[in-house]
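By convention here, the first residue in the shown sequence is residue 1. Atom set for the values below is all heavy atoms of this structure, side chains included, hydrogens, waters and symmetry mates excluded.
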Amino acid sequence: MILRKISDVETIDVGAPFGMPDGHMLIQWIFSNEVGDERYHHNFAVRKYTLKSVDASAIPFHNHTYVQSLTVLSGRMRCESPEGIVEAGPGDSVCFYENEPHRALPIGDGTAEVLCIIDCPGGGENCLPVAPKDIETK
């Protein structure tokens with residue numbers, strides 16, 4: 001069994017690949033391929049994003065090689081893809097399929113916190129606690 005306190009998990013600023021100002025997109029890798037040993041044969045990662053409001057143009061549509069599920073913990077999010085637009089609040093979850101162009105924007109002037117679960121295709125390189133990889137902006 002592994003216990004991780006979110007408050008003890010390193011916070012990484014990952015907004016730059018999206019053209020966001022410093023401190024506007026933070027990530028904490030709660031559970032990644034660096035957590036646990038060979039007994040934890042997991043094919044997923046759990047991340048917490050903290051997002052500050054920005055102009056919608058600051059977050060481009062993008063896609064990646066993994067499935068992504070977002071659960072809003074606090075604040076409100078606007079999630080967009082070619083399939084439509086939804087607004088999500090605390091307790092709501094949104095899932096994007098592999099390579100689906102999408103973006104998720106905090107709504108309003110506040111901060112949103114989102115739990116993000118992704119799968120780890122291939123060798124699981126995308127499930128290591130570094131800046132997002134395999135992202136293509138549209």
Side-chain angles (χ1 to χ4, degrees):
M1 177 186 318
I2 298 171
L3 170 66
R4 299 207 69 199
K5 294 183 183 282
I6 294 174
S7 59
D8 293 340
V9 176
E10 177 187 12
T11 300
I12 304 168
D13 192 332
V14 294
F18 298 96
M20 298 179 73
D22 289 346
H24 277 67
M25 181 183 270
L26 307 175
I27 188 173
Q28 292 172 282
W29 287 81
I30 299 166
F31 197 69
S32 71
N33 282 343
E34 289 187 349
V35 176
D37 57 28
E38 65 277 353
R39 295 172 298 166
Y40 295 91
H41 298 285
H42 58 280
N43 292 311
F44 65 93
V46 179
R47 311 175 296 180
K48 179 186 170 209
Y49 278 97
T50 303
L51 304 154
K52 292 183 181 176
S53 293
V54 294
D55 181 86
S57 64
I59 301 179
F61 280 90
H62 64 282
N63 63 288
H64 30 67
T65 60
Y66 48 85
V67 174
Q68 180 178 27
S69 173
L70 305 176
T71 299
V72 179
L73 301 174
S74 66
R76 295 196 58 77
M77 297 290 292
R78 176 183 169 102
C79 300
E80 304 176 1
S81 82
E83 296 189 6
I85 299 170
V86 297
E87 289 191 9
D92 293 336
S93 294
V94 178
C95 189
F96 299 106
Y97 58 80
E98 179 181 325
N99 290 314
E100 179 178 10
H102 66 278
R103 66 180 178 177
L105 311 155
I107 298 172
D109 295 331
T111 298
E113 293 182 314
V114 178
L115 196 61
C116 175
I117 299 172
I118 60 173
D119 66 344
C120 307
E125 296 83 12
N126 65 300
C127 287
L128 296 171
V130 294
K133 293 182 179 179
D134 295 330
I135 293 174
E136 296 179 23
T137 57
K138 301 290 179 190

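- Leu3 is linked by a side chain to side chain contact (heavy atoms under 4.5 Å, CB included) to nothing, counting only residues two or more places apart in sequence or in another chain.
- Hydrophobic clustering, with ILVMFWY side chains joined whenever heavy atoms are under 4.5 angstrom apart, groups Trp29 together with Leu70.
- Pairs engaging residues 73-116 under the disulfide (SG to SG under 2.5 Å) rule: none recorded [sequence neighbours left out].
- Side-chain contact between Pro101 and Pro82: present, with at least one pair of heavy atoms (C-beta onward) separated by less than 4.5 Å.
- Screening residues 101-129 for ring-ring contact (aromatic ring centres under 6.0 Å, His included) gives His62-His102, His64-His102, Phe96-His102 as the qualifying pairs, with residues at least two apart or on separate chains.
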Legend entry - Intermediate values then yes/no, side-chain contact (heavy atoms from CB on, under 4.5 Å), Arg103 and Arg78: CA-CA 8 Å; Arg103 66 180 178 177; Arg78 176 183 169 102; over 6 Å; no

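- Partners of Glu98 according to the side chain to side chain contact (heavy atoms under 4.5 Å, CB included) rule, which considers only residues two or more places apart in sequence or in another chain, are Val67.
- Here the straight-line distance linking atom CD1 of Ile30 with atom CD1 of Ile2 works out to 13.0 Å at 0.5 Å rounding.
- Evaluation of the ring-ring contact (aromatic ring centres under 6.0 Å, His included) test over residues 68-92, restricted to residues two or more places apart or in two chains, returns none.
- For Ser93, the side chain to side chain contact (heavy atoms under 4.5 Å, CB included) criterion is met by Thr71, not counting sequence neighbours.
- The salt bridge (charged side-chain N to carboxylate O under 4.0 Å, His left out) contacts involving residues 59-73 comprise nothing, where partners must be two or more places apart or lie in separate chains.
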Inset, instruction - For the pair Met77 and Glu87, evaluate side-chain contact (heavy atoms from CB on, under 4.5 Å) and give the outcome as yes or no after the intermediate values. - result: CA-CA 6 Å; Met77 297 290 292; Glu87 289 191 9; over 6 Å; no

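- Residues that satisfy the ring-ring contact (aromatic ring centres under 6.0 Å, His included) test with Phe44, not counting sequence neighbours, are Phe31, His42.
- In the model, Asp119 has no side-chain atom that pairs as donor or acceptor with a side-chain atom of Asn43 under 3.5 Å.
- Scanning all heavy atoms of the two residues, the minimum distance from Pro121 to Thr65 falls at CG-O, 3.2 Å.
- A search for side chain to side chain contact (heavy atoms under 4.5 Å, CB included) contacts involving Pro90 returns Val72, not counting sequence neighbours.
- Phe61 and Glu80 get closest at one heavy-atom pair: CZ-OE1, 3.3 Å.
- Using a 4.5 Å heavy-atom threshold, the side chains of Glu100 and Gln68 count as separate.
- Taking the salt bridge (charged side-chain N to carboxylate O under 4.0 Å, His left out) definition, one finds that Lys52 meets it with nothing, sequence neighbours left out.
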Listing, residues 104-115 side-chain donor-acceptor contacts under 3.5 Å, not counting sequence neighbours, or none:
from   : atom 1 : to    : atom 2 : distance (Å)
Glu113 : OE1    : Ser74 : OG     : 3.2
Glu113 : OE2    : Lys48 : NZ     : 3.0

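- Tyr97 and Ile117 are assigned to two separate hydrophobic clusters, defined by single-linkage of ILVMFWY side chains at heavy-atom distances under 4.5 Å.
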Inset, instruction - Output, in order, the C-alpha distance, side-chain angles, deciding distance and verdict of side-chain contact (heavy atoms from CB on, under 4.5 Å) for Met25 and Ile27. - result: CA-CA 7 Å; Met25 181 183 270; Ile27 188 173; over 6 Å; no

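- Looking at every heavy atom in both residues, Val9 comes nearest to Gln28 through O-NE2, 3.0 Å.
- Applying the salt bridge (charged side-chain N to carboxylate O under 4.0 Å, His left out) definition to pairs two or more places apart or across chains, those involving residues 22-43 are Asp37-Arg39.
- At a threshold of 4.5 Å between side-chain heavy atoms, the hydrophobic network of Ile, Leu, Val, Met, Phe, Trp and Tyr places Val35 and Ile6 in one connected group.
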Legend entry - Audit row: Leu26, Val14, side-chain contact (heavy atoms from CB on, under 4.5 Å) steps and yes/no: CA-CA 6 Å; Leu26 307 175; Val14 294; over 6 Å; no

